[in-house]
Colleague: 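Here it is, the structure, as structure tokens.
Model, not experiment: these values are computed from the prediction. Just so it is clear: chains get the letters A, B, ... in the order the sequence lines come, proteins before strands, and each one is counted from 1.
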Amino acid sequence: MLRVFNTLSNTKEEFKPINENKVNMYVCGVTVYDFCHVGHARSSGVFDIIRRYLLHKGYDVTFVKNFTDIDDKIIKRSNEANIPWTELTAKFMDEHNADMDSLNILRPTHTPKATDYIKQMIEMCETLINKGFAYESNGDIYYRVQKFEEYGKLSHRKLEDMMAGARIEVNDNKENPFDFVLWKAAKPGEPSWTSPWGEGRPGWHIECSVMSEDILGLPFDIHGGGKDLVFPHHENEIAQSEAACGCMFSKYWIHNGFVNVNQEKMSKSLGNFFTIRDVLKEFDAEIVRYFLLTTHYRSSLDFSQDHLLEAEKSLNRIYTMLDELNRFNPGKKGVDVTAEAEKMVETFMQKFEAAMDDDFNTPEALAAMFEVIRETNTLLASKPNKIGFPALLKAVETVFCVIKSVLGVTKYSPEEWFRINLSIPEDELNAKIQARTDAKKNKDFATADNIRNELLEVGIELQDTIDGTIYRASKIRTFS
RNA sequence: GGCGACGUGGCCGAGUGGUUAGGCAGCGGACUGCAAAUCCGUGUACCCCAGUUCGAUCCUGGGCGUCGCCUCCA
């Protein structure tokens with residue numbers, strides 16, 4: 001039984017989709033005016049894994065992630081760069097997609113853009129005005145927060161409490177300082193659309209209300225995003241959508257924790273962010289993806305080079321096992337490990353699903369995977385015979401098929417993984433390995449060790465096995 | 001000021017009212033020409049104080065500390 005933590009109830013709840021086998025989910029995407037940073041990677045990674053696990057459970061998942069392609073920051077940035085805002089947003093949508101692809105994040109089923117839904121946003125404004133939930137003021141349209149009795153139910157705060165500690169700016173156009181804008185009148189020179197209230201453009205929150213309803217219908221199953229969106233963004237979405245339709249908006253609300261740098265939230269405003277692009281120059285995308293799995297999605301995740309290096313070592317351990325498995329030649333002698341292999345898969349599946357069923361506990365799921373790795377290494381050391389080895393191979397394939405499809409890591413073959421960072425031509429390397437093998441044959445261990453040390457300095461590690469010498473290349477890093 | 005989260009062994013990080021998380025690093029052993037990889041063994045861990053309990057790291061109350069939301073933000 002899958003249990004998910006619902007921000008709305010502040011508890012883990014049994015997950016029961018509204019329609020049998022169908023899951024509709026909507027995740028808030030990015031405002032496209034800059035490159036994505038690691039915080040975006042986390043959010044995207046988290047919801048990708050949630051989606052993949054739901055698929056694994058057999059659900060038919062429709063996954064919507066929007067692009068916010070009109071807002072103050074976009075206008076500002078396009079003015080600064082002196083390029084049309086549409087060009088700016090088109091560029092960063094492409095860049096966003098490239099980053100997400102490299103992180104092995106499945107493309108959403110739908111990726112609506114706010115500006116494609118202007119008409120529907122105007123209609124929702126009209127509906128809300130007609131129902132008394134919104135009002136016009138100098139060409140702006142505001143949501144009348146006090147009219148929506150349940151306002152605050154997601155973020156668990158009361159309007160009165162918020163008013164008491166209010167530290168928000170006074171705006172003469174508003175009836176109440178917590179009223180938020182649905183539609184704003186255009187200033188001269190700004191991009192704008194024609195509306196019943198004159199030229200203007202949409203406020204931020206309304207796009208998600210409109211696009212989710214248009215594509216998924218109401219209510220839908222899961223609405224997600226970063227923790228920082230709980231208030232005001234998601235609270236406001238609920239107010240708009242539930243007031244407009246008179247029904248439930250989303251059944252489950254899922255929010256991911258932040259990425260921290262030195263105990264502080266990584267954010268644009270603090271300026272302590274790393275773009276995905278920059279991190280990928282130093283670390284393979286799979287390392288970044290694995291790193292995201294090492295902490296539960298609701299906790300904050302501390303971003304540092306050390307943690308990425310640890311993630312890399314963990315992946316090395318995984319690929320080492322897979323490599324040794326691939327290279328193993330079973331003999332006539334040996335043991336039949338069929339029973340152990342079958343038991344191993346069974347135990348893994350049980351532990352893996354229990355972990356993921358418990359609010360997508362990926363660190364515990366990884367622990368189950370590492371148990372398979374140790375067990376497999378042990379079984380390999382016991383020399384499986386021609387009957388036992390295929391059973392072991394099949395068992396490991398079954399396990400890693402799940403790891404690949406749900407967690408989205410170990411997409412490489414071991415050969416690829418240990419070759420990504422090869423720093424010298426392979427011919428040259430093979431020649432050196434041959435020279436060392438010759439030296440070893442002549443008991444000239446000094447020469448052999450020199451060659452080995454020389455290669456180690458360029459990131460290539462040699463290992464002697466029964467079937468000859470193999471190599472593993474790792475990235476030479478300039479820092480630390 | 002209002003609301004909330006967190007504090008686990010050298011580091012990271014799950015979890016539980018009494019019985020092994022897992023990874024990284026360290027130490028001892030096996031293996032190796034030596035290594036590496038791997039396996040085996042190895043750690044008086046749960047911020048402080050009080051309470052509930054036969055028993056609390058896990059429950060309750062208080063304290064200290066860190067962080068987040070309340071303004072754009074994944």
Colleague: Tell me which nucleotide among B:rA74, B:rA37, B:rG33 gets nearest to the side chain of A:Ser43.
Modeller: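 For the A:Ser43 side chain, the nearest candidate turns out to be B:rA74.
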Colleague: Hunt down the Watson-Crick or G-U wobble partner of B:rC72, both distances under 3.5 Å, from any strand shown, or write none.
Modeller: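 Answer to the pairing question: none, since B:rC72 forms no Watson-Crick or G-U pair.
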Colleague: So A:Phe370, base contact, sugar-phosphate only, or nothing? Heavy-atom distance under 4.0 Å.
Modeller: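 If one applies the 4.0 Å heavy-atom cut-off, A:Phe370 turns out to touch the sugar-phosphate alone, with no base involved.
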Colleague: Expressed as a whole number of Å, how far does the C1' atom of B:rC49 sit from that of B:rA37?
Modeller: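 My reading of the C1' atoms in B:rC49 and B:rA37 gives 49 Å.
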Colleague: In whole Å, measure the gap between the P atoms of B:rA45 and B:rC58 for me.
Modeller: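 Roughly 15 Å separates the two P atoms.
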Colleague: Looking only at atom C1', what distance separates B:rA5 and B:rG55, rounded to whole Å?
Modeller: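 Straight-line distance between the two C1' atoms is 29 Å.
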Colleague: Please determine, for B:rA35, whether a Watson-Crick or G-U wobble partner exists with both distances under 3.5 Å, and give it or none.
Modeller: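 When the pairing criteria are applied, nothing turns out to pair with B:rA35, so the answer is none.
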Colleague: May I ask which nucleotide in the shown strands pairs with B:rA5, Watson-Crick or G-U wobble, both distances under 3.5 Å?
Modeller: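 For B:rA5, the partner nucleotide comes out as B:rU66, under the 3.5 Å rule.
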Colleague: Between B:rG65 and B:rU60, how far is it from one P atom to the other, in whole Å?
Modeller: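 Comparing P positions in B:rG65 and B:rU60 gives a spacing of 22 Å.
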Colleague: To the nearest Å, how far apart are A:Phe328 CZ and B:rU38 C1'?
Modeller: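 The answer, rounded to whole Å, is 13 Å.
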Colleague: Between B:rG22 and B:rG41, how far apart are the two P atoms, rounded to whole Å?
Modeller: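 Nearest-Å result for B:rG22 against B:rG41 at atom P: 11 Å.
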Colleague: Is a donor-acceptor contact shorter than 3.5 angstrom present between the side chain of A:Arg452 and the base of B:rC34?
Modeller: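 Looking at the base of B:rC34, it does pair with a donor or acceptor on the side chain of A:Arg452 (distance under 3.5 Å).
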Colleague: Would you find more than 12 non-hydrogen atoms of other residues, nucleotides or ligands less than 6.0 Å from A:Glu416 atom CD?
Modeller: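 It does: A:Glu416 CD has more than 12 such atoms within range.
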Colleague: Any donor-acceptor pair under 3.5 Å joining the side chain of A:Asn377 to the base of B:rC40?
Modeller: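 Not at all, since no donor on one side and acceptor on the other fall under 3.5 Å apart.
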Colleague: Kindly state whether the pair A:Phe258 / B:rG68 counts as stacked, where counting means centroids closer than 5.5 Å and planes tilted less than 30° apart.
Modeller: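 No, aromatic ring not over the base.
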Colleague: Quick one: label A:Ser314 by what it contacts on the DNA or RNA (base, sugar-phosphate, nothing), any heavy atom closer than 4.0 Å.
Modeller: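 Since only primed, P, OP1 and OP2 atoms lie under 4.0 Å of A:Ser314, the category is sugar-phosphate.
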Colleague: For the residue pair A:Thr295 and A:Thr362, what are the closest heavy atoms and their distance?
Modeller: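 That closest heavy-atom pairing would be O-OG1, 3.8 Å.
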Colleague: May I have the distance from A:Ile373 (atom CD1) to B:rC40 (atom P), rounded to whole angstrom?
Modeller: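 Distance, rounded to whole Å: 13 Å.
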Colleague: Heavy-atom distance under 4.5 Å between the side chains of A:Asp228 and A:Lys265, does that happen here?
Modeller: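 They are in contact (side-chain heavy atoms under 4.5 Å apart), so the answer is yes.
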Colleague: Grab the CG-P distance between A:Asn236 and B:rC70 for me, whole Å please.
Modeller: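 Going from A:Asn236 (CG) to B:rC70 (P), I get 12 Å.
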Colleague: Paired with B:rA14: which nucleotide, if any, by Watson-Crick or G-U wobble criteria at under 3.5 Å for both distances?
Modeller: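 No nucleotide pairs with B:rA14.
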Colleague: Watson-Crick or G-U wobble partner for B:rA25, using a 3.5 Å limit on both distances?
Modeller: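 In the structure as shown, B:rA25 has no Watson-Crick or wobble partner.
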Colleague: Got a sec, which residues hit salt bridge (charged side-chain N to carboxylate O under 4.0 Å, His left out) with A:Asp72, two or more places apart in sequence or on another chain?
Modeller: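 Per chain and number, A:Asp72 pairs via salt bridge (charged side-chain N to carboxylate O under 4.0 Å, His left out) with A:Lys184, A:Arg201.
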Colleague: Could you check how far CD of A:Gln263 sits from P of B:rG7, rounded to whole Å?
Modeller: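 A:Gln263 atom CD is separated from B:rG7 atom P by 13 Å.
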Colleague: Tell me whether the OP1 or OP2 atom of B:rG22 has a side-chain N or O from A:Lys351 closer than 4.0 Å.
Modeller: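 Result: no.
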Colleague: Counting the atoms with a prime plus P, OP1 and OP2 as sugar-phosphate, which does A:Asp464 contact under 4.0 Å by heavy atoms, base, sugar-phosphate, or nothing?
Modeller: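 Base, at least one base atom sits under 4.0 Å.
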Colleague: B:rC69 and B:rA36: how far apart are their C1' atoms, nearest whole angstrom?
Modeller: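 Looking at atom C1' only, B:rC69 and B:rA36 are 50 Å apart.
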Colleague: Pick base, sugar-phosphate or nothing for A:Leu462, based on heavy-atom distances below 4.0 Å to the nucleic acid.
Modeller: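 A:Leu462: base contact, heavy atoms under 4.0 Å.
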Colleague: Can you say whether a donor on the side chain of A:Asp449 sits under 3.5 Å from an acceptor on the base of B:rG33, or the other way round?
Modeller: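 A donor-acceptor contact between them is present.
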Colleague: What are the two closest heavy atoms between A:Leu216 and A:Thr62, and how far apart are they?
Modeller: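 Minimum heavy-atom contact is CD2-CG2, 3.8 Å.
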Colleague: Mind calculating the distance between CG (A:Leu380) and P (B:rC40) to the nearest angstrom?
Modeller: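 One finds 13 Å between P of B:rC40 and CG of A:Leu380, rounded.
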Colleague: With a 4.5 Å heavy-atom cut-off, do A:Ile318 and A:Tyr290 have their side chains touching?
Modeller: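 When only atoms from C-beta onward are counted, A:Tyr290 and A:Ile318 do touch, with a gap below 4.5 Å.
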Colleague: Could you give me the CA-CA distance, side-chain angles and deciding distance for A:Glu175 and A:Arg144, then say whether salt bridge (charged side-chain N to carboxylate O under 4.0 Å, His left out) is met?
Modeller: CA-CA 8 Å; A:Glu175 289 177 3; A:Arg144 187 175 279 130; 2.8 Å; yes
Colleague: In whole angstrom, what separates A:Asn10's CG from B:rC3's P?
Modeller: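 Atom CG in A:Asn10 sits about 14 Å away from atom P in B:rC3.
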Colleague: For A:Phe231 and B:rA5, give me the distance from atom CZ to atom P, rounded to whole Å.
Modeller: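 Atom CZ in A:Phe231 sits about 18 Å away from atom P in B:rA5.
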Colleague: When we call it a touch if two heavy atoms are under 4.0 Å apart, what does A:Lys440 touch: a base, just sugar-phosphate, or nothing?
Modeller: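 Counting heavy atoms under 4.0 Å across all strands, the contact made by A:Lys440 includes a base.
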Colleague: Could you measure between the two P atoms, the one in B:rG17 and the one in B:rC12, and give it in whole Å?
Modeller: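 My reading of the P atoms in B:rG17 and B:rC12 gives 25 Å.
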Colleague: For B:rC39 and A:Arg317 - does any side-chain N or O of the residue sit under 4.0 Å from the phosphate oxygens OP1/OP2?
Modeller: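 Indeed, a polar side-chain atom of A:Arg317 lies that close.
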Colleague: Roughly, in whole Å, what's the span from NZ in A:Lys265 to P in B:rC70?
Modeller: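 The distance from NZ of A:Lys265 to P of B:rC70 comes to 7 Å, rounded to the nearest Å.
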Colleague: Rounded to whole angstrom, note down the P distance from B:rG23 over to B:rG29.
Modeller: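 That atom pair is separated by 22 Å.
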Colleague: Does A:Arg157 make a side-chain N or O approach to OP1 or OP2 of B:rG4 shorter than 4.0 Å?
Modeller: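 Indeed not, no polar side-chain atom of A:Arg157 lies that close.
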Colleague: Have a look at A:Gly225 and say if it touches a base, only the backbone sugar-phosphate, or nothing, with a 4.0 Å heavy-atom cut-off.
Modeller: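 Sugar-phosphate only.
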Colleague: Could you check which of B:rA35, B:rG33, B:rC39 has an atom nearest any side-chain atom of A:Thr378?
Modeller: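 Nucleotide nearest to A:Thr378's side chain: B:rC39.
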Colleague: Provide the Watson-Crick or G-U wobble partner of B:rU44, both distances under 3.5 Å; none if there is no partner.
Modeller: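 The answer is none; no pair meets the criterion.
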Colleague: State the pairing partner of B:rG55; accept Watson-Crick or G-U wobble contacts with both distances under 3.5 Å, and report none otherwise.
Modeller: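 Check on B:rG55: unpaired, no WC or wobble geometry under 3.5 Å.
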Colleague: Less than 4.0 angstrom between a side-chain N/O of A:Arg374 and OP1 or OP2 of B:rG22, yes or no?
Modeller: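 For B:rG22, OP1 or OP2 has a side-chain N or O of A:Arg374 closer than 4.0 Å.
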Colleague: For A:Ala41 versus A:Leu292, what's the shortest heavy-atom pair and its separation?
Modeller: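 Nearest pair, atom of A:Ala41 first, then A:Leu292: O-CD1, 3.6 Å.
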Colleague: Looking across every strand, which nucleic acid part, if any, lies under 4.0 Å from A:Arg436 by heavy atom: base, sugar-phosphate, or nothing?
Modeller: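 Base contact - A:Arg436 has a heavy atom under 4.0 Å of at least one base atom.
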Colleague: Indicate whether any N or O donor in one side chain lies under 3.5 Å from an N or O acceptor in the other, for A:Gln434 and A:Asp438.
Modeller: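 A:Gln434 vs A:Asp438: donor-acceptor pair found between side chains.
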Colleague: Taking atom NZ of A:Lys76 as the centre, does the number of heavy atoms from other residues, nucleotides or ligands within less than 6.0 Å exceed 12?
Modeller: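 Open.
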Colleague: Counting any heavy atom closer than 4.0 Å, what does A:Met321 reach on the DNA or RNA strands: base, sugar-phosphate only, or nothing?
Modeller: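 The residue A:Met321 makes no contact with any strand.
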Colleague: Can you build the contact string for nucleotides 8-18 of chain B? Use B for base contact, S for sugar-phosphate-only contact, and - for no protein heavy atom under 4.0 Å.
Modeller: ---BSSSS---
Colleague: With heavy-atom distances below 4.5 Å as the criterion, would you say the side chains of A:Thr320 and A:Phe418 are in contact?
Modeller: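 Yes - at least one pair of side-chain heavy atoms lies under 4.5 Å apart.
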